[in-house]
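Accompanying notes for the structure given below.
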Amino acid sequence: MIVLIMIFSILPLSQKTFYSLVTGGAEASFLGIWKGDSVCQIKDSPCHDEVSVYYVSKSAEPNSFQMKMNKMVDSKEETMGTVNCRPAPENGSYVCRLNELATWTWRLDKDVLDGILEYRGQLYRKIHLTRAG
């Protein structure tokens, strides 16, 4: 009976409010589709500037996210890989690690996601994305 009361008590909530409650409040805004520019910071390297499309979803692990990273090639998305991300509450960012050498750090401000990629301790990319869905 208590379960039914709880279910019916959340039905009047908007879809956005319900989604926020289910996915964890503020962290829910990190979820979604992000599109923008990824600009190389080391010009004499194999790195190339690119248009990026990133998909952020909840991970099976608690307090964890997955970020699927795609780049646009000939007007089509090409997957580069997927990384696991965690919130870093101490500084309000999200941190995604591929391995010991590559770390993405993201700052979210409403519908803008700005990030950097550090590779071997050196700033490798700056990424500016806006919410695409």
Side-chain angles (χ1 to χ4, degrees):
M1 182 67 127
I2 293 174
V3 173
L4 288 177
I5 292 170
M6 288 176 60
I7 291 171
F8 287 116
S9 68
I10 64 172
L11 285 178
L13 298 176
S14 70
Q15 183 178 2
K16 184 175 182 180
T17 303
F18 179 73
Y19 181 74
S20 182
L21 289 171
V22 170
T23 57
E27 292 173 3
S29 34
F30 185 54
L31 302 174
I33 303 168
W34 301 89
K35 186 174 182 177
D37 296 314
S38 179
V39 180
C40 293
Q41 301 301 299
I42 301 174
K43 298 304 177 192
D44 294 327
S45 71
C47 184
H48 300 287
D49 294 350
E50 56 199 29
V51 174
S52 299
V53 182
Y54 293 175
Y55 297 84
V56 180
S57 59
K58 279 294 258 184
S59 176
E61 293 180 41
N63 204 30
S64 181
F65 302 89
Q66 285 194 328
M67 180 179 275
K68 179 181 173 188
M69 301 174 155
N70 292 352
K71 64 181 176 181
M72 298 300 293
V73 177
D74 297 325
S75 301
K76 296 179 186 167
E77 290 185 34
E78 183 178 291
T79 300
M80 297 179 288
T82 302
V83 294
N84 291 315
C85 308
R86 293 196 176 275
E90 65 277 1
N91 62 15
S93 66
Y94 294 87
V95 177
C96 311
R97 287 197 170 82
L98 179 63
N99 53 38
E100 311 80 48
L101 303 177
T103 302
W104 286 263
T105 304
W106 299 98
R107 294 237 183 244
L108 175 63
D109 184 13
K110 298 179 184 161
D111 288 335
V112 175
L113 188 60
D114 285 310
I116 59 169
L117 167 59
E118 292 178 289
Y119 181 68
R120 296 182 182 226
Q122 191 172 23
L123 178 61
Y124 200 72
R125 287 188 172 275
K126 286 187 178 181
I127 307 138
H128 178 78
L129 308 171
T130 57
R131 187 175 302 281

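Positions are given from 1 along the sequence.
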Identify the residue among Met67, Gln66, Arg97 that makes a side chain to side chain contact (heavy atoms under 4.5 Å, CB included) with Asn84. Gln66
Which heavy atom of [X] sits nearest to which heavy atom of [Y], and what is that distance?
{"X": "Cys96", "Y": "Val83", "result": "CB-CG2, 3.6 Å"}
{"X": "Pro62", "Y": "Arg86", "result": "O-NH1, 3.4 Å"}
{"X": "Asn63", "Y": "Lys58", "result": "N-NZ, 4.5 Å"}
{"X": "Leu31", "Y": "Ser57", "result": "CD2-C, 3.6 Å"}

Anything under 3.5 Å between a donor and an acceptor, one on a side chain of residues 109-123, the other on a protein residue two or more places apart or in another chain? List them.
| from | atom 1 | to | atom 2 | distance (Å) |
| --- | --- | --- | --- | --- |
| Asp111 | OD1 | Arg131 | NE | 2.8 |
| Asp114 | OD1 | His128 | ND1 | 2.4 |

If Ile, Leu, Val, Met, Phe, Trp and Tyr residues are connected whenever their side-chain heavy atoms lie under 4.5 Å apart, and connections chain through other members, are Leu129 and Met69 in the same group? yes
Is [X] reaching over with its side chain to a backbone N or O of [Y], donor-acceptor style, under 3.5 angstrom?
{"X": "Asn99", "Y": "Leu101", "result": "yes"}
{"X": "Thr79", "Y": "Gly81", "result": "no"}
{"X": "Ser45", "Y": "Ile42", "result": "yes"}

Residues 35-63 vs ring pair (Phe, Tyr, Trp, His ring centres under 6.0 Å), sequence neighbours excluded, gives Tyr54-Trp106
Rounded to the nearest 0.5 Å, what's the gap from CG on Asn70 to CD1 on Ile33? Could you check? 10.5 Å
Is there a side-chain contact between [X] and [Y] in this structure, where contact means two heavy atoms from C-beta onward sitting under 4.5 Å apart?
{"X": "Met80", "Y": "Glu50", "value": "yes"}
{"X": "Lys71", "Y": "Glu77", "value": "no"}
{"X": "Phe65", "Y": "Pro87", "value": "yes"}
{"X": "Ser29", "Y": "Leu108", "value": "yes"}
{"X": "Trp104", "Y": "Leu98", "value": "yes"}

Return yes when atom NZ of Lys43 has more than 12 non-hydrogen atoms of other residues, nucleotides or ligands closer than 6.0 Å, and no otherwise. yes
Under 3.5 Å, side-chain donor or acceptor atoms of residues 34-41 against the rest of the protein: list the pairs with distances, not counting sequence neighbours.
| from | atom 1 | to | atom 2 | distance (Å) |
| --- | --- | --- | --- | --- |
| Trp34 | NE1 | Phe30 | O | 3.2 |
| Ser38 | OG | Arg125 | NH1 | 2.7 |
| Gln41 | NE2 | Val39 | O | 3.0 |

